[in-house]
Amino acid sequence: MVKQEATLTFYGGVNEIGGNKILVKDGDTKVFFDFGMSFAMRKLFYSPPFLSPKTGKSLQEFGILPQLDGVYKFDEKPPQIDAIFVSHGHLDHSAYLSFIKREIPTYCGETTCTILRAQSEIRRADLEFNIEGLTFKTFRTGKKIRLGNLEIEPVHVDHSIPGAYGFVIHTSKGSIVYTGDFRHHGAKLEMTDDFVEKAREADPVAIVTEATNMTGATVSSEAEVEEKLDSIVNQSDGIVLAEFAHGDVDRFNSFYRVAKKNHRCLAISLKQAYLLNALRGDRGLNIPNLNDKDILIFRKSKSTQYKWEEQLENQCPNQVKNAFELSKQQCKVVLAMSFYDLEELVELQPQAGSCYVLSASEPFNEEMEIDYGRLINWLQHYGLAQYHVHVSGHIMPLQLKSILKEINPARIFPVHTENAELFRKFMRDLRGKVICTEKAKEYKM
Ligand SMILES: [Zn+2]
Ligand SMILES: [Zn+2]
């Protein structure tokens with residue numbers, strides 16, 4: 001007979017942004033919340049594609065994958081956890097599902113399931129992202145899932161990828177709230193309000209909160225981003241090149257509306273088109289049809305063509321354009337492209353009056369700085385002025401403080417941050433005690 005005791009253990013997301021792996025135990029019920037890839041730890045040892053981990057055991061060797069029994073598919077022991085709940089589809093929360101025993105069920109939002117499946121179809125399965133054989137059980141807000149001693153209530157939150165959830169976890173020792181990644185300045189901030197309301201009602205004994213933006217915080221919104229994009233596209237005489245995350249549907253919609261308003265088409269990559277097409281069935285998302293006259297699909301020049309690419313091209317034959325075709329209608333196009341598409345500029349030859357909009361985070365580590373330097377060289381070569389128009393996917397400090405005050409938990413565990421100590425001091429006048437989490441330590445409720 002297991003002693004009835006509820007505990008929280010953090011196997012990732014401690015002193016790092018992402019890599020969340022949070023274990024909630026209640027008696028003999030054990031559930032993980034998120035099982036993400038730790039980009040920070042991984043880059044200490046690896047530099048893909050030439051220096052990549054070969055097995056899950058290699059990742060365990062360096063603590064990139066935690067030492068756990070009965071969890072991984074490469075371990076012979078019977079399953080020792082009941083389920084994994086995934087808050088959203090970003091890889092720092094979901095990628096290491098790859099290693100989970102296939103008989104352990106994965107619970108996630110319907111949208112997250114669509115995103116993970118689409119991602120797995122458009123990229124070759126590799127060691128660190130392989131969802132084949134996983135058993136997905138999906139939920140939407142309003143559903144309550146009972147697992148042993150736990151009852152888990154997912155509630156939608158606003159984030160920079162659709163289908164993000166926070167959780168209210170009812171244990172035998174009171175409720176634990178987990179925010180996942182969230183914000184209160186996006187296109188659907190009322191979803192975050194719903195979450196805060198549910199969390200407050202639960203009168204939690206603990207909250208596990210993301211605390212990404214303790215430095216470099218800004219005051220802006222997705223609506224303001226759209227206004228700024230409109231002003232840039234409106235003034236530009238040439239092609240507008242735009243870099244933004246292809247899973248960020250709100251940002252896509254901002255660009256789509258701005259392009260349309262300025263009598264341009266938004267050209268997106270085949271990968272983004274495939275993902276958006278998969279998400280079109282989602283009632284909450286309002287994604288235009290790929291055959292929409294204001295959308296084009298950009299085909300990069302390359303020798304191999306995958307089956308999914310061919311199918312997509314057959315589905316919208318009039319929409320697909322290559323760099324040469326786009327070069328003939330530059331002032332009619334906003335082209336979504338990434339750093340890895342820069343080679344296409346050689347064929348495209350941006351004309352005078354073109355510019356480049358970085359609609360993603362600025363570089364925040366050494367590797368990104370190096371690539372950023374390369375990007376600037378390309379922009380200099382083609383005379384492309386660069387704008388930075390972005391808003392974070394994460395909550396800002398004062399908003400977070402006011403939310404924590406409202407939810408009023410007894411204890412606060414910051415995760416997904418490099419600034420836990422700063423967070424602790426900043427939140428020191430709240431009723432709840434802030435605990436700077438330590439990895440693999442068990443906290444009793
Ligand atoms: Zn994250
Ligand atoms: Zn995220």
Side-chain angles (χ1 to χ4, degrees), residues 10-22 32-43 64 66 84-98 106 108-109 111-116 118-119 128-129 131 154-167 177-189 191-192 195 207-217 222 225 244-252 275 279 285 359-362 364-365 368 390-397 399-400 403 413-420 423 437 439:
F10 302 88
Y11 289 99
V14 177
N15 297 321
E16 59 174 332
I17 295 175
N20 289 19
K21 297 172 207 74
I22 303 160
F32 261 101
F33 289 84
D34 285 335
F35 218 84
M37 180 198 285
S38 165
F39 290 100
M41 290 193 67
R42 181 172 171 262
K43 80 179 172 63
I64 303 168
I84 307 230
F85 277 69
V86 176
S87 63
H88 64 285
H90 281 149
L91 296 179
D92 61 323
H93 296 256
S94 62
Y96 281 3
L97 288 173
S98 307
T106 300
C108 64
T111 309
T112 297
C113 188
T114 309
I115 291 170
L116 293 178
Q119 299 284 28
E128 293 174 283
F129 186 74
I131 59 162
V155 188
H156 52 209
V157 291
D158 185 45
H159 184 42
S160 48
I161 191 168
Y165 284 82
F167 300 98
V177 171
Y178 171 43
T179 63
D181 285 354
F182 76 137
R183 63 178 169 184
H184 200 261
H185 53 256
K188 298 194 169 76
L189 54 91
M191 299 201 302
T192 297
F195 170 71
I207 185 165
V208 177
T209 178
E210 74 129 305
T212 316
N213 282 329
M214 294 311 292
T215 60
E222 189 59 37
V225 164
F244 61 101
H246 76 249
D248 189 343
V249 170
D250 293 330
R251 189 60 48 83
F252 162 82
L275 179 65
L279 285 169
L285 296 183
S359 197
S361 338
E362 282 181 317
F364 52 79
N365 62 41
M368 289 170 84
H390 184 53
V391 67
S392 164
H394 303 278
I395 188 103
M396 296 303 159
Q399 289 175 326
L400 180 54
I403 284 172
F413 295 88
V415 291
H416 205 280
T417 182
E418 291 170 339
N419 292 297
F423 172 93
T437 45
K439 214 178 224 180

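Both counts, for ligands and for their atoms, begin at 1 and track the order of listing.
Residue His90 does not count as close to the Zn ion (ligand 1), with no N, O or S atom under 2.8 Å. Taking 2.8 Å as the criterion, Glu210 does not count as a coordinating residue of the Zn ion (ligand 1), since none of its N, O or S atoms falls below it. The Zn ion (ligand 1) lies at 2.8 Å or more from every N, O or S atom belonging to His88. Residue Asp181: an N/O/S atom is found under 2.8 Å from the Zn ion (ligand 2).
Contact detail for Val86 and His93: the closest heavy-atom pair is CG1-O, 4.2 Å.
The atom name of the N/O/S atom in His416 closest to the Zn ion (ligand 1) is NE2. Minimum-distance N/O/S atom of His93 relative to the Zn ion (ligand 1): NE2. Within Asp92, the N, O or S atom lying nearest to the Zn ion (ligand 1) carries the name OD2.
Salt bridge Lys188/Glu222: absent, no basic N to carboxylate O contact under 4.0 Å.
Annotation: Phe85 is not in aromatic contact with Phe32 [ring centroid separation under 6.0 Å not met]. The ring of Phe244 has its center no closer than 6.0 angstrom to the ring center of Phe252.
Taken from CD1 in Ile115 to NE2 in His246, the straight-line distance is 9.5 Å, to the nearest 0.5 Å.
Residue His416 is tested with Asn20, Thr179, Asp181 for a side chain to side chain donor-acceptor pair (under 3.5 Å); the sole match is Asp181.
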